[in-house]
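Please read the structure below before turning to the comments.
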Amino acid sequence: MNKHPIDTRRRALLRGAGAAGLALGGGIALPARAGDQPSDPWKKAQAIAASFKTPLAFRKQDFPITAHGARPCKVTSVKGYTGHHETGMVATPAAGAHDCYPAIRAAIAARARAGGGRVVIPAGAWLCKGPIVLRSNVHVHLKSGAHVFFSNDPDDFARYGEVDCGPNGKLTLSRWQSNDCLNYSPLVYAHKQNNIALTGEDWTSILDGQGGVPLHGGDCWWDWKSKRGGAGEPRSQVALNPANPASILAVAPDLGAAQVKLIEGDGNRWRSDEIYLPSLSEAGVPAGKRVFGRGHYLRPCMIEFIDCSGVLLKGYQVNQAPFWQHHPVACRDLEIRKVHMDSMGPNSDGFDPEACDNVLVEDCTFNTGDDCIAIKAGKNLDTQYGPTRNVLIQNCIMNSGHGGVTLGSEMSGGIEHVYAQDIEFRNVNWATSPLATAIRMKANMNRGGFLKHFYVRNVTMPNGVQTTPQFYNPLPGSPIAPKTVSSSAGAVITIDCDYMPTADNVRTRPPVVSDVHISNVKVGNVKTAAGTFSCYQAIMLLGPVGFDYNGNDPSLIVPITGISITDCDFGTPANAGNPWFAYNVKSATLTNVTIAGKVYNTTVTA
């Protein structure tokens with residue numbers, strides 16, 4: 001059997017320094033592959049829910065942060081951003097506000113020494129100029145009316161990390177878009193901790209990242225996505241950063257010329273921070289040498305836990321996250337319930353579990369500037385934590401976002417056994433900022449990995465999804481012409497195996513998608529200026545595009561297979577004459593599927 005060269009090299013890298021740093025604590029072992037799916041796949045979903053019936057237990061003693069010197073602050077309003085490009089008045093602590101970071105840190109440390117307990121943040125406004133770092137057996141609880149404002153000064157999150165990186169700051173081992181690095185600390189963080197909780201009493205218990213609040217009248221966190229028009233010196237993740245070397249050989253001197261060319265591509269675009277980091281992974285540079293922080297522009301996640309077990313997130317609200325709102329990595333037995341995610345900034349994904357096992361998402365509400373839920377599993381060679389598996393999503397509401405329930409795009413380690421049921425994609429802002437697509441799977445020739453055993457049922461979408469297309473940009477010369485496939489927005493169900501092909505120079509790992517089963521989806525229409533529609537196109541199935549591949553074994557490129565869509569009504573698409581798109585699809589079976597009033601019972605191949 002032929003072995004793909006990149007796969008062989010990946011295994012070698014994971015045996016050595018490329019396995020995430022790992023002078024910094026290492027990763028967990030790659031989990032064993034799950035067994036065959038039972039005859040009733042939803043029994044596995046029931047087992048996931050049942051595993052959380054017994055709540056986490058903590059020492060029954062409360063310790064208020066005021067006992068360690070915390071003092072509430074006054075709040076004022078300043079001109080800032082309520083979304084990535086939407087200006088407005090935003091709340092922020094008044095000048096001279098007391099910094100509660102030392103008190104919160106001391107309270108958590110004292111509870112950890114005492115064997116655990118509950119650290120209580122009372123009602124009021126509190127400024128925290130540093131990260132809240134959870135410890136084993138400690139429960140951090142926000143009372144009703146408690147509003148924690150995290151500092152909007154990036155420098156405050158490069159002061160307290162466990163690794164001193166000199167001028168770049170004291171940084172924290174984290175993941176940025178599924179690649180390991182040393183970077184600004186997440187605003188709430190835990191690493192290798194067990195039995196931890198972050199809770200609130202209700203949605204007046206608020207964690208506020210101040211992502212749209214400018215610092216001293218200048219940039220805010222969200223500006224680092226890309227500078228707004230008229231800004232001066234480029235200071236963003238997409239701009240060429242002169243702090244990054246002119247050649248990848250400066251950090252990976254043993255690479256051959258062909259590999260250097262593959263990683264760097266043409267020009268200097270790879271030297272932007274957002275491409276430089278995955279380039280370091282591709283080159284096998286250990287995480288301990290992937291130093292970002294000061295002088296770089298990779299925004300930290302709001303809440304990120306790495307290699308933790310027994311995690312409860314419950315009953316609070318998140319506002320203005322700098323980047324992804326929740327990002328658990330390699331966590332086991334994680335429950336997120338009754339959390340309201342309300343952040344409309346760039347990349348404000350609501351919940352992105354990555355390489356996690358046994359996850360319950362229940363009774364949550366999402367109002368996000370990007371995907372509501374996006375399940376991840378590593379990118380490039382950072383797959384040491386293995387796949388994400390055994391995830392149950394139920395009884396949730398998606399108001400706004402790019403994708404509702406999304407798998408990918410960073411899925412190099414694989415995703416399997418994901419269940420979503422009883423979901424309302426409410427799409428309340430359909431007229432101004434519509435949900436782009438509801439059920440979305442996305443990967444490409446770089447992110448690779450596998451996606452299998454994904455089950456969705458009992459979904460309502462009273463206001464449909466976006467009714468206009470958003471076309472994907474193929475590589476020059478692709479067999480798929482530009483502006484012909486609406487893969488980024490407009491479909492209710494999207495399987496996109498060629499997501500943003502122009503974003504990655506290395507395209508050697510084709511994704512494999514199989515065994516996706518969706519039933520009982522009901523989609524409503526909305527009245528637009530162009531007509532009354534539910535979506536642009538009901539179903540979009542874009543399999544791997546062989547033209548994009550630049551590896552050595554094209555036999556790895558296989559079509560999408562084993563898709564079933566049953567007992568669904570997709571309303572009236574704007575593109576009703578072409579109710580679905582299919583490319584490189586072996587079998588997609590439609591049973592009792594209604595589109596624009598017509599019932600389909602057919603198998604789609606392309």
Side-chain angles (χ1 to χ4, degrees), residues 81-84 90 128 131-132 134 140 142 147-152 157 172 174-178 183-190 196-200 203 205-213 220-222 224-225 298-306 308 311-329 331 334-354 356 359-376 388 391 393 396-406 409-410 433 435:
Y81 298 92
T82 57
H84 187 25
V90 289
C128 187
I132 295 177
L134 274 65
V140 173
L142 282 72
H147 192 141
V148 176
F149 290 90
F150 288 96
S151 170
N152 62 334
F157 298 93
T172 300
S174 60
R175 269 201 170 188
W176 195 87
Q177 285 194 338
S178 299
N183 196 22
Y184 295 102
S185 174
L187 281 56
V188 182
Y189 180 73
I196 57 177
L198 175 67
T199 69
W203 291 350
S205 307
I206 297 173
L207 296 166
D208 192 327
Q210 297 203 87
V213 179
C220 64
W221 281 117
W222 293 347
W224 290 9
K225 168 65 176 180
L298 300 183
R299 296 161 288 148
C301 292
M302 183 81 178
I303 299 166
E304 184 174 74
F305 301 149
I306 299 177
C308 297
V311 179
L312 173 64
L313 305 168
K314 180 182 176 184
Y316 54 85
Q317 180 175 172
V318 174
N319 293 162
Q320 295 213 77
F323 191 57
W324 294 351
Q325 296 183 58
H326 297 86
H327 184 213
V329 179
C331 290
L334 182 147
E335 179 181 12
I336 178 169
R337 297 178 59 236
K338 298 183 179 179
V339 173
H340 181 46
M341 286 152 263
D342 190 5
S343 180
M344 299 304 292
N347 308 111
S348 283
D349 296 24
F351 181 66
D352 290 15
E354 177 164 4
C356 292
V359 178
L360 175 63
V361 186
E362 187 173 60
D363 297 325
C364 291
T365 301
F366 298 83
N367 195 43
T368 62
D370 209 310
D371 292 331
C372 298
I373 293 174
I375 297 172
K376 312 288 188 181
T388 293
V391 179
I393 304 160
C396 291
I397 294 171
M398 277 75 172
N399 283 327
S400 296
H402 291 181
V405 175
T406 297
S409 64
E410 300 87 358
S433 181
L435 184 70

Shortest non-hydrogen separation from [X] to [Y] and the atoms involved:
| X | Y | value |
| --- | --- | --- |
| Tyr81 | Val90 | O-CG1, 3.7 Å |
| Trp222 | Ala321 | NE1-O, 2.9 Å |
| Ser178 | Glu410 | OG-CB, 3.1 Å |
| Gln325 | Met302 | O-CB, 3.3 Å |
| Ser205 | Gly315 | CB-O, 4.4 Å |
| Pro328 | Cys356 | O-SG, 3.3 Å |

Is there a side-chain contact between [X] and [Y] in this structure, where contact means two heavy atoms from C-beta onward sitting under 4.5 Å apart?
| X | Y | answer |
| --- | --- | --- |
| Val339 | Phe351 | no |
| Trp324 | Pro186 | no |
| Leu207 | Phe150 | yes |
| Cys220 | Val213 | no |
| Val405 | Met398 | yes |
| Thr365 | Asn399 | yes |
| Met344 | Thr82 | no |
| Pro353 | Leu334 | no |

Approximate separation, where rounding is to 0.5 Å, of [X] [atom1] and [Y] [atom2]:
| X | Y | atom1 | atom2 | answer |
| --- | --- | --- | --- | --- |
| Asn347 | Lys225 | CG | NZ | 4.5 Å |
| Lys314 | Thr199 | NZ | OG1 | 8.0 Å |
| His326 | Glu304 | NE2 | CD | 12.0 Å |
| Leu187 | Ile132 | CG | CD1 | 8.5 Å |
| Ser409 | Lys376 | OG | NZ | 5.0 Å |
| Asp208 | Cys128 | CG | SG | 12.0 Å |

Donor-acceptor pair, distance only, cut-off 3.5 Å: does the side chain of [X] make one with the backbone of [Y]?
| X | Y | answer |
| --- | --- | --- |
| Trp203 | Val318 | no |
| Arg299 | Pro346 | yes |
| Asp371 | Asp349 | no |

Does Val148 form a side-chain contact (heavy atoms from CB on, under 4.5 Å) with Tyr316? I'd like the steps, not just the answer. CA-CA 11 Å; Val148 176; Tyr316 54 85; over 6 Å; no

Kindly determine whether Leu313 and Phe305 satisfy side-chain contact (heavy atoms from CB on, under 4.5 Å), including the steps that lead there. CA-CA 11 Å; Leu313 305 168; Phe305 301 149; 3.6 Å; yes

CA sep, side-chain torsions, deciding dist, call: Phe157, Ser151, side-chain contact (heavy atoms from CB on, under 4.5 Å): CA-CA 9 Å; Phe157 298 93; Ser151 170; 4.1 Å; yes

Whether the His402 and Asp370 side chains hold a donor-acceptor pair (N or O, under 3.5 Å, no angle test) is what I'd like checked.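 There is such a pair (donor and acceptor under 3.5 Å, judged by atom type) between the side chains of His402 and Asp370.
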
Name of the residue among Trp176, Trp221, Tyr184 meeting side-chain contact (heavy atoms from CB on, under 4.5 Å) with Phe323: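 Option passing the side-chain contact (heavy atoms from CB on, under 4.5 Å) with Phe323: Trp176.
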
